[in-house]
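Since the structure comes first, as structure tokens, the remarks are kept for the end.
Worth knowing before you read on, the calculation uses all heavy atoms, side chains too, and leaves out hydrogens, waters and symmetry mates. Throughout, protein chains are lettered first and strands after them, A, B, ... in sequence-line order, and every chain is numbered starting at 1.
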Protein chains: 2
Amino acid sequence: MTKRAFKDKVYDELSKITKAMGNPHRLEIIDLLGQGPFSVEQIANHTGMSVANASQHLQVLKNAKLVSITRDGNFILYSLAGENVFNAWAALRALGIVYNAEVEKVVSDFRKGYGPIESIDAEALVALLEKDRVILLDVRSAEEYKRGHIHRALSAPIDELSSILKTLPKNKTVIAYCRGLFCVFADEAVALLKKKGYKAQRLYEGFPDWAAKGYPVTTK
Amino acid sequence: MTKRAFKDKVYDELSKITKAMGNPHRLEIIDLLGQGPFSVEQIANHTGMSVANASQHLQVLKNAKLVSITRDGNFILYSLAGENVFNAWAALRALGIVYNAEVEKVVSDFRKGYGPIESIDAEALVALLEKDRVILLDVRSAEEYKRGHIHRALSAPIDELSSILKTLPKNKTVIAYCRGLFCVFADEAVALLKKKGYKAQRLYEGFPDWAAKGYPVTTK
DNA sequence: TAACTATTCAACAAAATTATTGAATAGATT
DNA sequence: AATCTATTCAATAATTTTGTTGAATAGTTA
């Protein structure tokens with residue numbers, strides 16, 4: 001085997017991974033699977049794709065060893081093949097946000113629709129939680145909360161927020177978090193909370209990022 | 001703008017980056033540019049592509065903001081757009097090596113051609129250099145050495161190694177390094193050194209990885 | 001200003017990727 | 001064992017990506 005043939009083979013193998021990531025639907029699937037395992041139909045619903053199409057994209061991800069499967073009754077559940085996969089996705093996402101102004105612009109333009117939303121990062125939240133100075137709300141669905149959530153967070157699905165809200169004391173700041181950087185449930189929640197007279201902020205990133213950084217997570 | 005349209009736009013923008021990385025030639029270019037700036041023709045020669053083809057791939061990388069250009073006389077020099085780019089590439093490469101046995105296999109099969117080569121990592125090399133226990137050889141070309149090399153390394157281009165070798169004392173271990181994980185100059189060097197009776201090892205990764213990790217680098 | 005030259009572009013054909021449709025399959029229920 | 005059902009597959013057409021060829025371009029040098 002010549003050096004050239006060797007290099008061709010190596011870069012070709014590695015490009016199978018980047019190729020598998022080189023499609024918007026598949027990036028969204030990877031982002032979603034950061035939450036935990038999902039069935040094909042759930043993935044299709046979350047991403048607005050047909051089941052057959054989602055299945056085919058999942059095959060591509062599986063062949064690239066980026067996702068793995070387990071079976072639960074009639075359902076096949078897809079998960080990320082390891083935490084490295086989410087980390088690599090997070091690194092690429094960061095790359096996009098730093099070097100490609102377009103990504104930043106799309107996100108900030110869309111978020112402006114909810115008014116000016118303050119956000120804090122994971123480190124700051126840890127400090128506030130330790131001092132017991134804040135109420136932390138998980139505004140994803142009840143099911144997602146059950147899969148895993150930030151330690152000490154209360155479940156407050158965005159649809160039910162307005163009724164839950166009445167039970168919250170107004171003397172503490174409320175922090176809301178959701179699925180990730182590209183999920184706007186937390187923005188919606190903060191906008192509603194502020195309208196009702198609360199001091200509110202969103203966690204900059206979402207649950208999968210929090211978990212990937214090794215901060216405390218629980219299912220109870 | 002609906003949530004769906006927002007997500008479509010975000011993932012579409014981000015996929016431009018992963019798409020740009022989703023091609024073996026372009027990965028090889030990114031890997032090469034980890035060494036420093038190169039002209040289109042140099043890139044074409046190093047990768048075995050035609051100049052026009054290399055140019056087109058470079059346009060793709062440039063549009064994705066992964067590389068940037070500077071001009072030097074008649075030549076246009078391409079560089080990585082920032083160190084994040086090399087780090088993202090390194091993360092993907094690591095992902096490939098961990099999850100895709102095929103990559104590991106191709107590399108180790110090819111290297112077996114040079115016999116059993118021991119390698120050490122960057123951290124271990126730092127310790128050995130501090131104790132002045134080793135001779136460190138940069139076996140890339142003289143020109144690459146001049147662009148930048150590991151502090152205290154001697155230039156020993158692989159072609160000239162056998163003559164340089166005569167000047168080296170035999171009481172110290174020799175460590176050789178080259179362009180990266182997929183470069184076999186260091187393996188060749190170690191094989192030759194061992195044949196001549198030296199104790200020799202290769203640095204596991206290459207110069208760009210060393211530099212990306214923030215270890216000391218010099219051009220003098 | 002004229003000549004030169006590294007790089008890019010345009011046009012083409014071949015190959016690969018994509019979404020949709022509807023049928024096939026594997027595996028769990030009953 | 002028969003039925004049911006989530007998932008996968010096969011076939012298709014539309015779109016995108018790729019490498020080659022040769023010409024065009026922009027910017028430097030003389």
Side-chain angles (χ1 to χ4, degrees), chain A residues 4-5 7-9 11-30 32-33 37-79, chain B residues 4-5 7-9 11-30 32-33 37-79:
Chain A
R4 187 66 256 162
K7 286 195 171 185
D8 285 348
K9 190 93 183 82
Y11 291 112
D12 193 59
E13 280 300 326
L14 286 169
S15 77
K16 285 180 185 168
I17 293 171
T18 47
K19 239 180 208 145
M21 295 181 100
N23 173 284
H25 289 310
R26 293 199 290 267
L27 286 184
E28 185 171 6
I29 290 174
I30 290 171
L32 175 63
L33 294 187
F38 287 86
S39 72
V40 178
E41 198 181 357
Q42 288 176 312
I43 292 167
N45 290 341
H46 270 104
T47 58
M49 311 168 68
S50 73
V51 170
N53 197 18
S55 174
Q56 291 190 148
H57 282 297
L58 285 164
Q59 296 308 308
V60 174
L61 290 171
K62 198 174 74 171
N63 289 336
K65 310 280 165 64
L66 291 172
V67 306
S68 56
I69 61 176
T70 52
R71 192 171 255 278
D72 176 25
N74 263 330
F75 297 89
I76 288 173
L77 300 183
Y78 280 85
S79 323
Chain B
R4 187 66 258 161
K7 286 195 170 186
D8 284 348
K9 190 92 182 84
Y11 291 112
D12 193 60
E13 280 299 327
L14 287 169
S15 77
K16 286 179 186 169
I17 293 170
T18 47
K19 239 180 209 144
M21 294 181 101
N23 173 284
H25 289 311
R26 294 198 289 268
L27 287 184
E28 185 171 5
I29 291 173
I30 290 171
L32 176 63
L33 295 187
F38 287 86
S39 72
V40 178
E41 198 181 357
Q42 287 177 313
I43 292 167
N45 289 341
H46 269 105
T47 58
M49 311 167 68
S50 73
V51 169
N53 198 17
S55 173
Q56 290 188 151
H57 282 297
L58 285 164
Q59 296 308 307
V60 174
L61 290 171
K62 198 174 73 171
N63 290 337
K65 309 279 165 65
L66 292 173
V67 306
S68 57
I69 60 175
T70 52
R71 191 172 255 277
D72 176 26
N74 263 330
F75 296 89
I76 289 173
L77 300 183
Y78 280 84
S79 323

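- Nearest-nucleotide mapping onto DNA chain C: of Asn23(A) and Asn74(A), the residue sitting toward the 5' end is Asn23(A).
- In this structure, the nucleotide among dG19(D), dT7(D), dC9(D) sitting nearest to the side chain of Ser39(A) is dT7(D).
- Using a 4.5 Å heavy-atom threshold, the side chains of Lys19(B) and Lys16(B) count as separate.
- The side chain of Val51(A) has dT8(D) as its nearest neighbour among dG19(D), dT8(C), dT8(D).
- For Tyr78(A), no side-chain nitrogen or oxygen approaches OP1 or OP2 of dA6(D) to under 4.0 Å.
- Remark: Phe38(B) engages His46(B) in a ring-ring contact (aromatic ring centres under 6.0 Å, His included) (not counting sequence neighbours).
- For the side-chain contact (heavy atoms from CB on, under 4.5 Å) criterion with Val40(A), the lone passing option out of Ile69(A), Val51(A), Leu77(A), Asn45(A) is Val51(A).
- Distance Met49(B) CE to dT21(D) P: 14 Å, rounded to the nearest Å.
- Rounded to whole Å, atom P of dT17(C) lies 18 Å from atom CG of Asp12(B).
- Mapping Phe75(A) and Asn53(B) onto DNA chain D by nearest heavy atom places Phe75(A) at the nucleotide closer to the 5' end.
- A salt bridge is absent between Lys65(A) and Glu13(A): the closest approach of a Lys/Arg side-chain nitrogen to an acidic carboxylate oxygen does not fall below 4.0 angstrom.
- In this structure, CZ of Phe38(B) is placed 18 Å from P of dA6(C), rounded to the nearest angstrom.
- Residue Lys19(B) is in sugar-phosphate contact alone, with no base atom involved, counting any heavy-atom pair closer than 4.0 Å across all strands shown.
- The distance between atom CG of Asp8(B) and atom P of dA19(C), rounded to the nearest whole Å, is 11 Å.
- Between Val60(B) and Ala52(B), the residue anchored nearer the 5' end of DNA chain D, judged by the nucleotide with its closest heavy atom, is Val60(B).
- Dashed line: the shortest gap from a side-chain N or O of Ser55(B) to OP1 or OP2 of dT8(C) is under 4.0 Å.
- Put simply, His57(B) has no side-chain N or O that comes within less than 4.0 Å of OP1 or OP2 on dT17(D).
- Protein atom CG of Leu61(A) is 16 Å distant from nucleotide atom C1' of dT7(D), rounded to whole Å.
- Here the side chain of Arg71(B) is nearest to one of dT7(D), dG27(D), dG19(D), namely dG27(D).
- Nearest nucleotide to the Val40(B) side chain, out of dT20(C), dT7(C), dT7(D): dT7(C).
- Following rounding to the nearest Å, Asp72(B) (CG) and dT5(C) (C1') show an atom-to-atom distance of 14 Å.
- Within the 3.5 Å criterion, the main-chain N or O of Gly73(A) finds a donor-acceptor partner in the side chain of Arg71(A).
- One interatomic measurement links the two molecules: CD1 of Ile76(A) to C1' of dA26(C), which rounds to 8 Å at whole-angstrom precision.
- Within 4.0 Å (heavy atoms only), Gln59(A) reaches sugar-phosphate atoms of the nucleic acid but no base atom.
- Look at CD on Glu41(A): it is 6 Å from P on dA6(D), rounded to the nearest Å.
- Residues Ile43(B) and Leu33(B) have side chains in contact (heavy-atom distance under 4.5 Å, counting atoms from C-beta outward).
- The side chain of Arg26(A) contributes an N or O atom lying less than 4.0 Å from OP1 or OP2 of dT18(C).
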